[in-house]
Colleague: 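Sending over a structure as structure tokens; questions will come in a sec.
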Protein chains: 2
Amino acid sequence: MRLLEEKIKTDGTIISDQVLKVDSFLNHQIDPVLMKEIGKEFALRFANEGVTKIVTIESSGIAPAVMAGLYMDIPVVFARKRKSLTLIDDLLTASVHSFTKNETNEISISKKYITEEDRILIIDDFLANGQAALGLVDIVQQSGAAVIGIGIVIEKSFQQGAEILASQGIRVESLARIASLAEGKVEFLNEK
Amino acid sequence: MRLLEEKIKTDGTIISDQVLKVDSFLNHQIDPVLMKEIGKEFALRFANEGVTKIVTIESSGIAPAVMAGLYMDIPVVFARKRKSLTLIDDLLTASVHSFTKNETNEISISKKYITEEDRILIIDDFLANGQAALGLVDIVQQSGAAVIGIGIVIEKSFQQGAEILASQGIRVESLARIASLAEGKVEFLNEK
Ligand SMILES: Nc1nc2c(ncn2[C@@H]2O[C@H](COP(=O)(O)OP(=O)(O)O)[C@@H](OP(=O)(O)OP(=O)(O)O)[C@H]2O)c(=O)[nH]1
Ligand SMILES: Nc1nc2c(ncn2[C@@H]2O[C@H](COP(=O)(O)OP(=O)(O)O)[C@@H](OP(=O)(O)OP(=O)(O)O)[C@H]2O)c(=O)[nH]1
């Protein structure tokens with residue numbers, strides 16, 4: 001997605017050869033117009049698939065997911081990483097491992113909001129090691145719903161997540177695919 | 001806001017005489033079309049105020065805030081309740097006390113995203129004890145920016161938050177104002 005790639009080049013900051021900071025428009029400050037364009041793009045790529053609902057995870061997945069839900073005219077459910085005041089129903093849960101923190105966390109979605117009739121589009125902001133995406137796939141599969149595909153805003157193609165998902169036969173649509181963050185510059189896959 | 005009140009009556013669940021559960025359209029599952037209408041309503045109420053940016057707090061404030069930001073064509077910043085991978089800049093922080101959990105937490109926003117030139121609209125999903133709203137006001141004031149007002153989706157008028165903010169001279173626009181959750185029914189302020 002050209003607009004997104006341009007935004008990454010002008011407003012993204014490379015923190016290390018593993019980490020791209022996009023706090024100015026996606027992860028802390030949010031650019032609503034860009035989110036709308038991202039939502040529209042996901043809606044285009046997953047049109048005609050009979051998607052009934054979008055599943056994402058708090059917090060950075062919410063804005064892109066809600067915009068996609070608006071264009072597709074379907075509800076959006078976000079997985080919780082921690083207990084909340086009203087998250088008290090029967091829960092579908094999955095474990096998500098963090099390599100950086102070397103810890104495993106549980107994520108949850110109420111059974112009420114994904115049923116076996118659903119056709120689910122998973123959306124998240126980053127695809128890196130893929131643990132969060134795999135956790136969301138696990139939850140959707142537990143409910144009996146179909147995983148139609150995964151929409152990712154920024155994929156770090158040099159990390160394992162994209163490959164793991166592809167090897168599971170899951171369709172992944174990433175709006176920006178980063179081949180490398182080495183030597184202080186962002187190199188997209190299509191530039192190679 | 002009539003549409004919101006109707007949604008609360010049909011899809012809200014009263015958990016106790018203190019707590020209204022709206023997980024089916026606001027706090028876990030999100031109704032994007034409703035969020036868009038909520039965003040439009042906030043944009044209308046705070047039009048012509050020269051608002052430059054919206055400040056909210058993860059997670060449930062994000063969807064309403066992003067829709068308001070879309071209508072007002074301004075950026076949205078969400079306060080973090082916990083460290084994140086890229087939240088490493090100089091931070092503005094505030095303490096937020098939880099009466100239920102009897103604990104105090106720190107919320108943060110990077111100094112980069114609120115400066116003294118800004119005119120800030122704060123948006124959040126619920127106004128109850130007001131601690132989160134007060135924390136956001138504190139952060140905005142630390143930056144030197146002006147607090148133009150606070151937009152709340154659901155205000156529980158029987159709790160102290162609304163009154164505390166009013167007593168500080170802060171303009172609060174709540175789209176639904178609940179006078180009571182007693183006896184298993186939602187009573188809005190304008191129904192009394
Ligand atoms: N900005 C940025 N973030 C990255 C990058 N690579 C991974 N992340 C984010 O970091 C978080 C993952 O950290 P960990 O759970 O510790 O996982 P990991 O060490 O196995 O990668 C996720 O945030 P999250 O769960 O999405 O958090 P939130 O923002 O939704 O709160 C993920 O999206 C990157 O290059 N840049
Ligand atoms: N559904 C619902 N939620 C209520 C109600 N009253 C307060 N809350 C939410 O509960 C959370 C506040 O809990 P605490 O921090 O423990 O505060 P408190 O005990 O002093 O009220 C906030 O969630 P939050 O920080 O907004 O969490 P998140 O949803 O953004 O993750 C607030 O919005 C209510 O009647 N119904």
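Quick note on labels: first sequence line is chain A, next is B, and so on, each numbered from 1. As a basis for the values below, the full set of heavy atoms in this structure was taken, side chains included, without hydrogen atoms, waters or symmetry mates.
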Colleague: May I ask you to decide if B/K101's main-chain N or O and B/S98's side chain share a donor-acceptor pair within less than 3.5 Å?
Modeller: yes
Colleague: Tell me, for B/K53 versus chain A, whether the close heavy atoms (under 4.5 Å) come from the side chain, the backbone, both or neither.
Modeller: side chain
Colleague: Can B/E155 and B/S157 be counted as having a side-chain donor-acceptor contact under 3.5 angstrom?
Modeller: yes
Colleague: Of the backbone (N, CA, C, O) and the side chain (C-beta and beyond), which part of B/V19 lies under 4.5 Å from a heavy atom of chain A, both, or neither?
Modeller: side chain
Colleague: Out of curiosity, A/L44 CG to A/Y71 OH, how far, rounded to the nearest 0.5 Å?
Modeller: 9.0 Å
Colleague: Any carboxylate oxygen within less than 4.0 angstrom of a Lys/Arg side-chain nitrogen, looking at B/E58 and B/K81?
Modeller: no
Colleague: For the interface with chain B, which of A/L34, A/D89, A/T100, A/V22 has the highest count of heavy-atom pairs at distances below 4.5 Å?
Modeller: A/D89
Colleague: Less than 4.5 Å to any heavy atom of chain A: does that hold for the side chain of B/I15, its backbone, both, or neither?
Modeller: side chain
Colleague: Between the side chains of A/N27 and B/T86, is a donor N or O closer than 3.5 angstrom to an acceptor N or O?
Modeller: no
Colleague: Could you tell me which of A/I62, A/D31, A/I54 has the largest number of non-hydrogen atom pairs under 4.5 Å with chain B?
Modeller: A/I62
Colleague: Pick one of side chain, backbone, both or neither for B/L87, based on which atoms fall under 4.5 Å of a heavy atom in chain A.
Modeller: both
Colleague: Under a 4.5 Å heavy-atom cutoff, which of B/I109, B/D73, B/V33 has the most pairs with chain A?
Modeller: B/I109
Colleague: Would you find a donor on one side and an acceptor on the other, under 3.5 Å apart, between the side chain of A/T56 and the backbone of A/I123?
Modeller: yes
Colleague: Among A/Q29, A/K112, A/H28, which has the most heavy-atom pairs under 4.5 Å with chain B?
Modeller: A/H28
Colleague: Side chain, backbone, both or neither: which part of B/T13 has an atom under 4.5 Å from a heavy atom of chain A?
Modeller: neither
Colleague: Against chain A, work out which of B/S84, B/S24, B/S60 has the most heavy-atom pairs shorter than 4.5 Å and name it.
Modeller: B/S24
Colleague: Side chains of B/Q160 and B/F99: does their closest heavy-atom pair fall under 4.5 Å?
Modeller: yes
Colleague: What part of B/K36 is in contact with chain A, defined as an atom under 4.5 angstrom from a non-hydrogen atom: side chain, backbone, both or neither?
Modeller: side chain
Colleague: Taking side chain as everything from C-beta outward and backbone as N, CA, C, O, which of these in B/S108 sits under 4.5 Å from a heavy atom of chain A? Side chain, backbone, both or neither.
Modeller: backbone
Colleague: Tell me whether the guanidinium CZ or amine NZ of B/R171 lies under 6.0 angstrom from the six-membered ring centre of B/F46 and within 45° of its axis.
Modeller: yes
